[in-house]
Novice: 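This structure is in structure tokens; I'll ask about it shortly.
The shown structure was predicted, so the numbers you read here are calculated from the model rather than taken from an experiment. Residue numbers start at 1 and run along the sequence shown. Order of appearance sets the numbers: ligands from 1, and atoms from 1 within every ligand.
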Amino acid sequence: MGLIEEIERRRTFAVISHPDAGKTTLTEKLLLFGGAIHIAGAVKSNKIKKTATSDWMEIEKQRGISVATSVMGFDYNGYKINILDTPGHQDFAEDTFRTLTAVDSVIIVVDVAKGVEAQTRKLMNVCRMRNTPVIVFVNKLDRLGNDPFDLLDEIESELNIKVRPLSWPINQGDRFKGVYNIFQHKLDLYTPNKQVVTESVAFDDVNSPELESYIGEEDASKLREDLELVEGVYPEFDVERYLAGEVAPVFFGSALNNFGVKELLDCFVQIAPSPRPVQTQERLVKPEEEAFSGFVFKIHANMDPNHRSCIAFVKVCSGKFERNVNYKHVRHNKMLKFSSPTAFMAQKKETVDEAFPGDIVGLPDNGGTFKIGDTLTGGEVMHFKGLPSFSPEMFKYIENDDPMKTKQLNKGIEQLMDEGVAQLFTNQFNGRKIIGTVGQLQFEVIQYRLLHEYNAQCRWEPIGLYKACWIESDDAEALEMFKKRKYQYMAVDKDGRDVFLADSRYILDMAQSDFPKIRFHFSSEF
Ligand code: G4P
């Protein structure tokens, strides 16, 4: 198979949702269809959310397993599917944001009863930054939930995207009878606990009296009414608008009962994009270019104290990646070759000889070779964009608790930051180091890992901060003036960029209105 064919058959995506909407269940069912796993219950390893905040050791144990489910690749009807897993716990949201930079589309799971929830909104905002195409799967139709029209309105307004139902539910909860598959003109019937679509009937004309024989009079007339309204309210499905990230097709089903999942998958492989061109600082890179290029979007460290090792996850963006061929590590300006790159098929990791755009390869890294955002190429100097850090929400001073181990501590902090565990800001006024995170858990993770992997001890001290934001200005004088006036609140991030530490919302608002020539950014890429 040539490069073009390999690219066209690849679908690299993530399933995202608010915890408990059914992401794990849906992922598992997709894998079952791909023959990647054979029993239900195999994808529990990344389910870390239920341990909540206290027991993060348990979480880390599971994280060790979760490297296997970081990427789940399988073949389905001639397509090569790569599902990128994202952590369930919202304290690891930053990890999820970065993973979303490596996918070509997403499936969002929404619970029919709970509707759009907080985490879904946040994740959608990240998708919107790259106009990532989105398919919505409304889950748990076997339970009573919202009216589908109300839910679609909610999705449109809360997620700020147009929707287009491609299936339509027939009743809900105990009386759920299945869906009318608008995409394939079929009637898919549901029987509770059967774990499959029990009957699928080609059904072009819902006005045919035959409909009654399948779903009864009441539901038949309701379905006809609903479908008429659907066709009246929502414009015809337009694949181009979906690919542009403007319209999200919507499917209804029940992941737990494996209902509507195959239909979703069949539509997905048809309409979802294969790897798309990617922007670098220098130029747009097309997947079909002959020269290999890719970027590191995730680094996974193992927790073995005797053997510090990481896997850098590289998304192949163009050309063919090959084992034992020299590639340029652009940041280090060095040629490197990799003797044991791994690919992720189903739940196994195996050494691969080649990989194509859309694929993820794991590169073992024992010495801090990689950091998030690094670019590998066939030789050209370019830098992939689109891996921003987001303004963190929690801050603490990190202090050395063992003066004999300063070097170890500094090295540990640097490497953990390169891995993207949290963000480091150095206060310019007093030189103290501040760690910013999106959740409490990361502080515990950092402290534990510094001790066990670097033999360094840290302690946390409180700091009252509201937000850290990156600042810039076209007017060098105005920037200097700002930095002088706010000198106690100025810091630099790990790349030496100016960061303003606002201790309250009021202070931030004031700074923004008092210094109109300064631009304040809440993500590191601007
Ligand atoms: P998540 O990854 O998005 O956090 O959700 P997950 O798949 O773990 O699902 C959350 C809960 O919702 C699970 O129940 C799961 O069985 C249930 N669920 C998923 N899909 C459906 C569905 O279509 N219908 C119904 N009724 N339930 C569904 P749990 O009791 O919390 O966990 P478990 O003990 O079953 O694993």
Side-chain angles (χ1 to χ4, degrees), residues 13-33 37 39-53 58-59 62-63 65-66 68-70 72 83-93 95-96 99-100 106-124 134-146 148 151 155 159 167 169-179 188-198 250-265 347 439 441:
F13 73 106
V15 181
I16 55 179
S17 76
H18 190 85
D20 264 353
K23 175 179 81 85
T24 313
T25 312
L26 179 67
T27 305
E28 187 173 284
K29 295 293 145 73
L30 292 172
L31 292 175
L32 282 167
F33 280 116
I37 54 169
I39 42 156
V43 195
K44 287 288 172 203
S45 45
N46 221 10
K47 280 200 65 173
I48 53 181
K49 60 191 188 290
K50 289 200 177 119
T51 36
T53 47
E58 189 51 35
I59 290 171
Q62 298 181 20
R63 215 174 65 99
I65 317 166
S66 76
T69 61
S70 287
M72 292 161 279
I83 307 182
L84 273 53
D85 198 15
T86 55
H89 200 295
Q90 62 181 21
D91 281 12
F92 295 105
D95 249 18
T96 302
T99 297
L100 291 182
V106 302
I107 293 179
I108 295 184
V109 186
V110 173
D111 182 323
V112 68
K114 294 192 182 143
V116 175
E117 297 170 89
Q119 191 67 5
T120 323
R121 258 191 302 269
K122 277 196 195 170
L123 293 167
M124 183 65 200
V134 166
I135 296 181
V136 176
F137 182 74
V138 178
N139 192 25
K140 307 196 186 181
L141 264 291
D142 58 320
R143 289 198 185 155
L144 275 181
N146 289 297
L151 189 64
I155 294 171
L159 297 185
S167 79
I170 304 161
N171 230 319
Q172 296 184 359
D174 288 346
R175 302 174 62 195
F176 181 54
K177 294 203 177 137
V179 297
D188 293 332
L189 297 172
Y190 168 78
T191 312
N193 307 320
K194 279 286 192 278
Q195 294 281 316
V196 278
V197 174
T198 41
V250 180
F251 285 84
F252 292 84
S254 167
L256 187 65
N257 293 290
N258 207 349
F259 185 85
V261 179
K262 183 170 183 299
E263 291 66 29
L264 170 75
L265 182 61
Q347 298 200 291
L441 266 176

Novice: Y190 vs F176 aromatic rings, parallel, tilted or perpendicular, using cut-offs 30° and 60°?
Specialist: tilted

Novice: Judged on heavy-atom distance to atom 21 (C) of ligand 1, which of T86, T25, L256 sits nearest?
Specialist: L256

Novice: Minimum heavy-atom separation for F33 to K262, with atom names?
Specialist: CZ-CB, 3.4 Å

Novice: Is K140 in polar range of ligand 1, meaning some N or O pair under 3.5 Å apart?
Specialist: yes

Novice: Using a 3.5 Å cut-off on N or O atoms only, is L26 in polar contact with ligand 1?
Specialist: no

Novice: Would you mind listing which atoms of ligand 1 come within a distance below 4.0 Å of any non-hydrogen atom of T24?
Specialist: 1 (P), 2 (O), 7 (O), 8 (O)

Novice: At less than 4.0 angstrom from any non-hydrogen atom of S17, what atoms of ligand 1 do you find?
Specialist: 3 (O)

Novice: Using every non-hydrogen atom in the two residues, find where D142 and S254 come nearest and quote the distance to one decimal.
Specialist: OD1-OG, 3.4 Å

Novice: How close do F259 and L189 get, counting heavy atoms only, and between which atoms?
Specialist: CE1-O, 3.4 Å

Novice: Quick check on the 6.0 Å ring-centre criterion: do F252 and F137 meet it?
Specialist: no

Novice: For atom CZ of R121, decide whether the heavy atoms of other residues, nucleotides or ligands shown that lie under 6.0 angstrom number more than 12.
Specialist: yes

Novice: Once ring pair (Phe, Tyr, Trp, His ring centres under 6.0 Å) is applied, do any residues pair with F13, and if so which ones, sequence neighbours excluded?
Specialist: F268

Novice: Among I16, D20, V15, which one has a heavy atom closest to atom 4 (O) of ligand 1?
Specialist: D20

Novice: Within ligand 1, which atoms have a heavy atom of P19 less than 4.0 Å away?
Specialist: 4 (O)

Novice: Report yes if G253 has an N/O atom closer than 3.5 Å to an N/O atom of ligand 1; otherwise report no.
Specialist: no

Novice: Could I get the full list of side-chain contact (heavy atoms from CB on, under 4.5 Å) partners for R143, not counting sequence neighbours?
Specialist: K140

Novice: Output the list of atoms in ligand 1 that are nearer than 4.0 Å to some heavy atom of K23, sorted by atom number.
Specialist: 1 (P), 2 (O), 3 (O), 5 (O), 7 (O)

Novice: Mark up the atoms of ligand 1 that fall under 4.0 Å of a heavy atom belonging to R143, in ascending order.
Specialist: 26 (N), 27 (N)

Novice: Which atoms of ligand 1 are found less than 4.0 Å from any heavy atom of S254?
Specialist: 22 (C), 23 (O), 24 (N)

